[in-house]
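Below: the structure, in structure tokens.
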Amino acid sequence: MIEATSTATQPRRAARPALEQGRLTWGGLVLMACAVLIYLFLYLPIAILVLFSFTRDQFGVRWTGFTLDWYTRLFANERLMGATVNTLYVALVSTIVATVLGTLLAMALERYRFRGRNSVDTLIYLPIVIPEIVMAVALLAFSALAFDLIRLLTGETLRRSLTTVIIGHIAFSVSFVVVVVRTSLKNFDRRLEEAAADLGANSWNIFWRVTFPLILPGIIGGALLAFTLSLDDFIISLFLSGPGTSLLPVEVYNKVRRAVTPEINAISTLMLALSITLVVLSQSVQRRQ
Amino acid sequence: MSTTNAVELRNVVKRFGDIAAVDHVSLEIRDGEFFSLLGPSGCGKTTTLRMIAGFEYPSSGSIVIHGREMATIPPHRRPVNTVFQSYALFPHLTVAQNVAFGLEMQRRPKDEIAARVREALEQVRLSGFADRRPRQLSGGQQQRVALARALINQPEVLLLDEPLGALDQKLRKELQIELKSLQRRVGITFVFVTHDQEEALTMSDRIAVMSQGKVLQIGSPTEIYERPTCRFVADFIGETNFIAGKVIENGANAATIETPDGLRLRGLTPRPVRVGEPAVLSIRPEKALLLAPGDARAGHAFAIPARVELVSYIGSDTRITVRLNDQRTFDVWEQNTLSTLDRDAYWQPGEPAVLVCPPDNALVLTE
Ligand SMILES: Nc1ncnc2c1ncn2[C@@H]1O[C@H](COP(=O)(O)OP(=O)(O)OP(=O)(O)O)[C@@H](O)[C@H]1O
Ligand SMILES: [Mg+2]
């Protein structure tokens with residue numbers, strides 16, 4: 001309507017700049033409303049979760065006043081704390097190993113031409129799209145097989161433990177590290193390595209003085225991704241952990257099955273805070289690049 | 001020459017798949033010389049330089065630096081340094097750290113490094129920029145950092161791959177002079193790659209002209225300009241006129257060609273030619289003579305009737321394009337030694353004229 005009158009009185013092209021300046025039209029209003037709804041849909045449950053981790057209500061479903069009780073209880077809960085330590089340990093070790101392996105693999109794939117490189121190239125991305133349940137079953141079956149083999153060869157009996165979980169997490173996070181590190185290797189100017197060699201640097205110095213500092217943001221980005229993925233992994237952790245070695249997501253699930261308490265809200269809030277910190281960190285590192 | 005050669009290439013070939021980027025190149029670059037590799041894009045200049053630096057290895061042939069065979073020596077152990085066309089400065093290091101890189105690789109003491117970096121930055125007039133990052137510098141400043149970073153290692157040979165290519169014309173001219181005087185001062189052998197013939201002529205002691213992987217001619221700027229040995233070099237360096245024909249007579253260092261329309265023209269032969277061979281007479285625009293038809297000197301044996309077509313006055317010269325009987329055009333440049341505003345003193349379009357190619361100024365060249 002507004003447009004129709006304006007085009008009638010003014011030259012036609014005047015309508016366009018008005019749009020470009022962001023003046024709202026009906027279509028724009030509808031779009032805005034949709035965007036708001038989507039954001040509500042995404043973040044309202046999370047906001048409520050965070051809010052109800054501070055409520056006095058013991059079922060955590062109504063707001064009856066502020067308390068930090070649930071957090072204190074949480075820290076007193078040995079089972080949950082044990083699971084938290086396990087989770088952090090698994091995340092840390094699997095991240096370190098996956099980052100080192102992933103970086104090496106990314107370098108090999110990016111730098112060298114070898115027979116079968118294309119298939120290796122595709123295969124490394126596959127774990128990203130394979131359903132996690134399939135990965136989990138495969139890893140479980142494989143660990144059983146490996147344990148049998150080890151018993152046969154050495155007589156030693158192994159059980160599923162945090163180590164098996166770590167191996168499982170490495171198995172899926174390596175691919176993510178490779179993807180991220182390769183991107184920064186692609187942007188890396190190989191002539192800088194030639195310049196370093198020209199100035200007398202051997203391969204060791206070339207890597208540590210030139211290549212590594214320049215792809216470090218990519219490596220850190222990959223590591224943070226691996227860490228986050230490991231933190232909240234459920235299926236593989238459930239399948240590969242042994243008796244008495246529970247991990248946080250699994251533990252939370254077990255508790256929720258019995259009853260949703262504000263304690264769960266509290267632990268979820270803490271995990272959320274950690275994840276957000278990691279994401280912000282990785283973004284700021286990557287922006288520095 | 002009793003001087004040793006800084007760099008020798010012996011029959012060097014470099015193949016990438018089917019194409020020979022460098023095709024049987026032999027060069028002897030003397031110690032302390034400013035040597036240029038000049039040629040059109042894709043002729044193999046960079047590849048040649050990269051083989052001297054050690055980034056590529058020859059498919060066959062050998063490279064010798066100060067008497068040492070380089071076949072098995074990796075880049076970081078060669079006594080050469082490179083100034084890359086893109087400069088390849090380390091973006092994560094400051095200017096001072098960039099310049100210090102080579103000395104750090106040699107594990108020199110910290111205070112020696114600091115002192116020499118200061119000195120090197122002074123030498124390229126960048127003292128105030130030590131703590132900047134490369135991306136905070138202009139192109140010309142980056143170029144000077146690259147130069148300082150290479151020179152601080154006191155290499156036996158400095159390789160420069162179109163180091164001025166990315167700069168604008170004015171800065172380029174300035175740096176040409178700066179680079180040349182720097183080379184004189186430090187006395188290091190420079191191997192300089194360029195596709196700009198004027199740059200090569202200005203700066204070099206000697207030039208190797210390359211085309212399609214081959215070295216066509218090596219010589220001083222004057223030799224290359226005044227006595228090109230083949231048609232390509234004459235064409236590539238400076239401006240020239242060609243008149244095609246067939247060799248009908250040859251002497252010790254001169255020959256005569258006959259054009260299809262029966263003109264007989266004579267010129268020097270920098271390289272021997274055979275009778276019957278197709279050849280061109282090459283004559284530079286400033287070396288031909290344009291005379292009025294009545295001029296006494298127009299009775300010359302090598303006079304060709306012509307008609308003035310285009311006259312461009314460009315200050316120092318007047319450039320005249322004439323058309324010959326067979327409809328080919330020919331350029332003549334006359335120096336404006338006369339100080340006059342009188343337009344009649346210059347050639348007018350449409351005027352008849354006589355073109356003379358003095359045999360001492362003309363060359364008979366083959367492909
Ligand atoms: N790594 C490579 N693989 C395949 N072909 C190459 C490679 N490097 C160079 N060539 C080819 O070799 C030839 C010579 O290349 P080179 O870079 O030496 O030319 P140049 O004289 O330096 O040209 P420019 O003036 O454009 O830099 C070109 O045809 C180029 O395509
Ligand atoms: Mg080149």
Side-chain angles (χ1 to χ4, degrees), chain A residues 99-100 103-104 106-108 110-118 180-224 281-289, chain B residues 46 49-56 73-94 97-108 113 117 120 133-135 142 145-163 191:
Chain A
T99 305
V100 172
T103 303
L104 293 177
M107 300 259 298
E110 197 54 38
R111 296 289 169 87
Y112 300 102
R113 332 223 130 252
F114 47 87
R115 192 197 285 265
R117 196 184 85 142
N118 281 343
V180 178
V181 174
R182 274 188 85 171
T183 315
S184 51
L185 275 174
K186 278 209 173 69
N187 297 330
F188 176 80
D189 183 359
R190 294 294 309 267
R191 278 170 303 192
L192 295 177
E193 291 180 341
E194 286 183 351
D198 188 70
L199 293 166
N202 54 23
S203 347
W204 174 265
N205 280 329
I206 293 173
F207 182 77
W208 289 110
R209 300 287 301 267
V210 177
T211 318
F212 181 74
L214 287 169
I215 63 168
L216 185 60
I219 295 176
I220 292 176
L224 288 174
L281 261 183
S282 93
Q283 298 235 319
S284 76
V285 164
Q286 259 155 30
R287 204 164 302 133
R288 273 230 324 259
Q289 205 170 18
Chain B
T46 297
L49 206 68
R50 287 173 60 80
M51 285 192 286
I52 301 175
F55 303 135
E56 308 275 2
I73 316 268
H76 67 275
R77 290 215 300 269
R78 295 194 182 198
V80 304
N81 284 116
T82 308
V83 175
F84 294 83
Q85 171 161 19
S86 54
Y87 313 140
L89 298 176
F90 305 125
H92 60 300
L93 302 180
T94 63
Q97 288 167 334
N98 264 281
V99 176
F101 195 92
L103 295 182
E104 274 168 15
M105 290 303 114
Q106 293 171 30
R107 299 173 177 282
R108 312 305 289 229
I113 295 181
V117 166
R133 304 268 159 167
R135 80 175 83 85
Q142 289 184 24
V145 176
L147 198 61
R149 183 178 71 172
L151 280 175
I152 199 172
N153 308 295
Q154 298 169 343
E156 290 171 19
V157 180
L158 187 70
L159 308 173
L160 305 102
D161 191 356
E162 308 212 18
V191 183

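Each chain gets a letter, A, B and so on, in the order its sequence line appears, and its residues count up from 1. The basis for the numbers below is simple: all heavy atoms, side chains too, and nothing from hydrogens, waters or symmetry mates.
- Contact of B/Q106 with chain A is not made at all, since no heavy-atom distance falls under 4.5 Å.
- Between B/E104 and A/R209 the shortest heavy-atom distance is OE1-NH2, 2.5 Å.
- Residues satisfying the side-chain contact (heavy atoms from CB on, under 4.5 Å) test with B/E56, not counting sequence neighbours, are B/K14, B/F16, B/R50, B/M51.
- Two residues are said to be in side-chain contact when any heavy atoms from C-beta on lie closer than 4.5 Å; B/P75 and A/E194 fail this criterion.
- A/F212 is linked by a side-chain contact (heavy atoms from CB on, under 4.5 Å) to A/F207, A/W208, A/L216, A/I219, counting only residues two or more places apart in sequence or in another chain.
- Using a 4.5 Å cut-off between heavy atoms, A/N205 contacts chain B through its side chain alone, with no backbone atom that close.
- Rounded to the nearest 0.5 Å, atoms CG (A/L199) and CG (B/L103) are 9.5 Å apart.
- Residues satisfying the ring-ring contact (aromatic ring centres under 6.0 Å, His included) criterion with B/F90, sequence neighbours excluded, are B/F101.
- In this structure the side chain of A/D189 never reaches within 4.5 angstrom of the side chain of B/P91, judged on heavy atoms.
- The two residues B/S86 and A/R191 come nearest to each other via the heavy atoms OG-NH1, 3.4 Å.
- Contacts with chain A (heavy atom to heavy atom, under 4.5 Å) involve these residues of residues 76-85 of chain B, listed by number: B/H76, B/V80, B/N81, B/T82, B/F84.
- Scanning both residues, B/A88 and A/A195, for their nearest heavy atoms gives O-CB, 3.8 Å.
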